[in-house]
Amino acid sequence: MFRMVKTEIWKLKRYHMIWAGVFLMLLSVLLTLFSTTALDGTVWTFSFFTEQVIKIMLP
């Protein structure tokens, strides 16, 4: 079992597009976090934050 998991992780290391997608997803969340707190300084909750991410991602 450990050998199979190790092999799958090794295969994932080769797929740079997967890591690029993960990085871009995290970057969009961080950008939303920055832009919502920079607007008026309000403290946000998780539901407010998810709303803002959806608003920014869907024009």
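Side chains included, hydrogens not; waters and symmetry mates left out as well; all remaining heavy atoms used.
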Between the CZ atom in F2 and the OG1 atom in T7, the distance rounded to the nearest 0.5 Å is 9.5 Å

So how far is it from M4 CE to I9 CD1, rounded to the nearest 0.5 Å? 12.0 Å

Suppose we screen for side chain to side chain donor-acceptor pair (under 3.5 Å). Which residues come up paired with S47, at least two apart in sequence or across chains? T45

